[in-house]
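One structure below.
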Amino acid sequence: MLQRGHAYPNSFTLAFVLKACAVVVAFKEGLQIHSHVFRHGLDLSPFVQTGLLNFYAKCEEIRDARRVFDEIPERNLIAWSAMISGYARIGMVNEGLGLFREMQKVGIRPDEVTMVSIISACAKAGALDLGRWVHAFIEKNEIKLDVELSTALVDMYAKCGCIERARELFDVMPDRDTKAWSSMIVGLAIHGLAEDALAYFRRMEESKVKPNHVTFIGVLSACVHSGLVYEGKKYWLSMCQCKIEPSMEHYGCMVDLLCRASRIEEACEFVEAMPISPNSIIWRTLLVGCKNKGLLEKGEFVAERLLEVEPLNAENHVLLSNLYASGLRWDKVSYVRKRMKDNGVKAIPGCSSIEVDGFLHEFVMGDESHPEAKEIREVLMDVHRQVHRAGHEPWTSAVLHDVGEEEKVSALFEHSERLAIAFGLLKTRAPMAIRVVKNLRVCGDCHEVTKIISKLYSREIIVRDRVRFHRFVNGSCSCKDYW
DNA sequence: ATAGGGTTAG
């Protein structure tokens, strides 16, 4: 259009082109459009402004997005929503919530699109109390529960450990599309509820909604967490029949499926046969499998591949070191530690956080400053003993056939330390850990269980005080200040 | 004729 000089692009043209750049994350092209906008003085159109804002947000260039946002003289609902969504997308939860509060202060009423970003920010933060508050806000303000917002709520409740609440919401949805079904199936899968996840998948098929690649990630990971090797392979084939090209994540599920079932050799062969080059996660999954089975040589080979792909990640070196330690090869252990030092690779202690009753508990490996550190360690030891008494040494799928549903879930963890680390490092694993504790009959009510979980969460904990947490809820301090 | 939203392996 520009070369042929047929017509000058106007604000409509540029808004469309910016949308295209945002959709395919074409950063360089978008920058050119931005300069075009600037040169031709088209930056006064609100459609072009939000187009630019959304483009930067989708490219995860949040500072540029914010600059565009700050320069908009009259910010409307769309601009606020786009900015909040940008923060939520990259996990800057506090900033997103802060803007949500600010927009209400200046008298802009959020709609269902705004609320989707807010709810998804809560899901990412694992902030159940806040999520419930926002849900109540939605109902009080009679904001429409369309399929997107319902899906966001289902996802939020599932990620925050309330799988039953998620299921209730899902079951009353009038229309469910692929993403709605996927979020329900993934939610059940991360709770270790494989049977339910697979039952929902069958219902999805019956209702003629087509599964996509994310649905199959849910289905496959459900199989992984229940040791269903045969079923996992079956769904892999049916996925291929659906003409869904397996992605790295799907390969990851299969490798994990085989490793957790102690089929390390088969997992290695599977990786060898992959048509795409395995990423660090695939190699690391294999390495963890080797470590758990004490396969020194195989583990060494896998670790070399892993370190080729990702040499600067301390976790990889530590894993290799732990593999040697499990085989009492202390000479090799000190060699790995020396290599780390020589290459300037530093181990950073793992950390995580969970919100319970308005308190934000923060967990750092090796930290002992929590006032209840002693009691927490006792609870941890108790779970350790109970899991061990149930005989959950590195488990196999064969074992799973012999044990009842109750032990099935706890069998996911070889010992309580693994459990603590599992949900200390990965928030989405918390729900699964909750089920383990439930099955161990420690407690009943969901939130009650969450409290206990918070005590088990990691080695030990720093508790932030209530005042600081309130600042977090109100969004009046930025993420950086907070941490 | 134009704008903002949900699901993703370890």
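Chain identifiers are assigned alphabetically (A, B, ...) following the order of the sequence lines, protein sequences preceding nucleic acid strands; residue numbering begins at 1 within each chain.
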Inset, instruction - Determine the contact category for Gln49(A): base if any of its heavy atoms lies under 4.0 Å from a base atom, sugar-phosphate if only primed atoms, P, OP1 or OP2 are that close, otherwise nothing. - result: nothing
With the side chain defined as heavy atoms from C-beta on, Ala15(A) is closest, among dT7(B), dG6(B), dT2(B), to dT2(B)
Exercise. Look at all strands and tell whether Ala180(A) reaches a base, only sugar-phosphate, or nothing, counting heavy atoms closer than 4.0 Å.
Key: base
- Taking it one step at a time, do Ile118(A) and Leu97(A) satisfy side chain to side chain contact (heavy atoms under 4.5 Å, CB included)? CA-CA 7 Å; Ile118(A) 299 294; Leu97(A) 295 169; 4.0 Å; yes
Worksheet item: Quick one: is dG5(B) close enough that its OP1 or OP2 comes under 4.0 Å of any side-chain N or O from Lys58(A)?
Response: yes
Apply side chain to side chain contact (heavy atoms under 4.5 Å, CB included) to residues Glu265(A) and Lys298(A) and explain how you reach the verdict. CA-CA 9 Å; Glu265(A) 190 61 46; Lys298(A) 183 130 277 179; 3.0 Å; yes
Look at the side chain of Glu148(A) and the base of dG5(B), then say whether one donor and one acceptor between them are separated by less than 3.5 Å.
yes
| task | Answer with base, sugar-phosphate or nothing: what part of the nucleic acid does Thr13(A) contact at a heavy-atom distance below 4.0 Å? | result | nothing
task: Could you tell me whether the side-chain ring of Phe12(A) sits stacked on the base of dA1(B), using a centroid cut-off under 5.5 Å and a plane angle under 30°?
output: yes
Ser117(A) has its side chain closest, among dG5(B), dA9(B), dG4(B), to dG5(B)
**Asked** Are the charged groups of Lys105(A) and Glu102(A) less than 4.0 angstrom apart, N to O?
**Response** no
- What class does the angle between the rings of Phe27(A) and Phe55(A) fall in, given that below 30° is parallel, 30 to 60° is tilted and above 60° is perpendicular? parallel
Taken to the nearest whole Å, CG/Leu77(A) to P/dA3(B) is 14 Å
Among dG5(B), dA9(B), dT7(B), the one nearest any side-chain atom of Glu249(A) is dA9(B)
Margin query: Need one value for Met248(A): base, sugar-phosphate or nothing, where a base atom within 4.0 Å counts as base even if backbone is also close, heavy atoms only.
Written below: base
Taken to the nearest whole Å, CG/Leu287(A) to P/dA9(B) is 20 Å
Separation of dA9(B) atom P from Phe270(A) atom CZ, nearest Å, is 16 Å
From CD1 of Ile84(A) across to P of dA3(B) the rounded distance in Å is 19 Å
Testing dT2(B), dA9(B), dG4(B) for proximity to the side chain of Ser85(A), the answer is dG4(B)
Under the 3.5 Å rule, do the base of dT7(B) and the side chain of Ser182(A) count as making a donor-acceptor pair? yes
Sequence neighbours excluded, the answer for ring-ring contact (aromatic ring centres under 6.0 Å, His included) partners of Tyr87(A) is none
* **Touch class at under 4.0 angstrom, heavy-atom based, for Val147(A) against every strand present** => base
Winner on side-chain proximity to Val214(A), out of dG4(B), dA9(B), dT7(B), is dT7(B)
Taken to the nearest whole Å, NZ/Lys124(A) to P/dG5(B) is 12 Å
- Task: Kindly confirm or rule out a cation-pi arrangement of Arg66(A) over Phe69(A), judged by NZ or CZ under 6.0 Å from the six-membered ring centre and within 45° of its axis?
- Result: no
When rounded to whole Å, the CG to C1' distance for the pair Leu220(A) and dT8(B) reads 12 Å
Residue-phosphate contact under 4.0 Å: Asn54(A) side-chain N/O, dG4(B) OP1/OP2 | yes
Looking only at dA1(B), dT8(B), dA3(B), the nucleotide nearest the Ile217(A) side chain is dT8(B)
In whole angstroms, the gap separating P of dT8(B) from NZ of Lys159(A) amounts to 4 Å
Just N and O in the side chain of Lys19(A): are any of them under 4.0 Å from OP1 or OP2 of dG4(B)? yes
Worksheet item: On a plain distance test, is the side chain of Asp177(A) in donor-acceptor contact with the base of dG6(B) below 3.5 Å?
Response: yes
Practice problem: Check whether the side chain of Asp146(A) and the base of dG5(B) form a donor-acceptor pair under 3.5 Å. | Solution: yes
_Considering every strand and a 4.0 Å limit on heavy-atom distances, what is the contact class for Ser247(A): base, sugar-phosphate, or nothing?_
nothing
CH2 of Trp181(A) to OG1 of Thr151(A), rounded to nearest 0.5 Å, is 11.5 Å
Side-chain atoms of Phe16(A) come closest, of dG6(B), dA1(B), dA9(B), to dA1(B)
Between CD1 of Ile118(A) and P of dG6(B) the distance, given in whole Å, is 12 Å
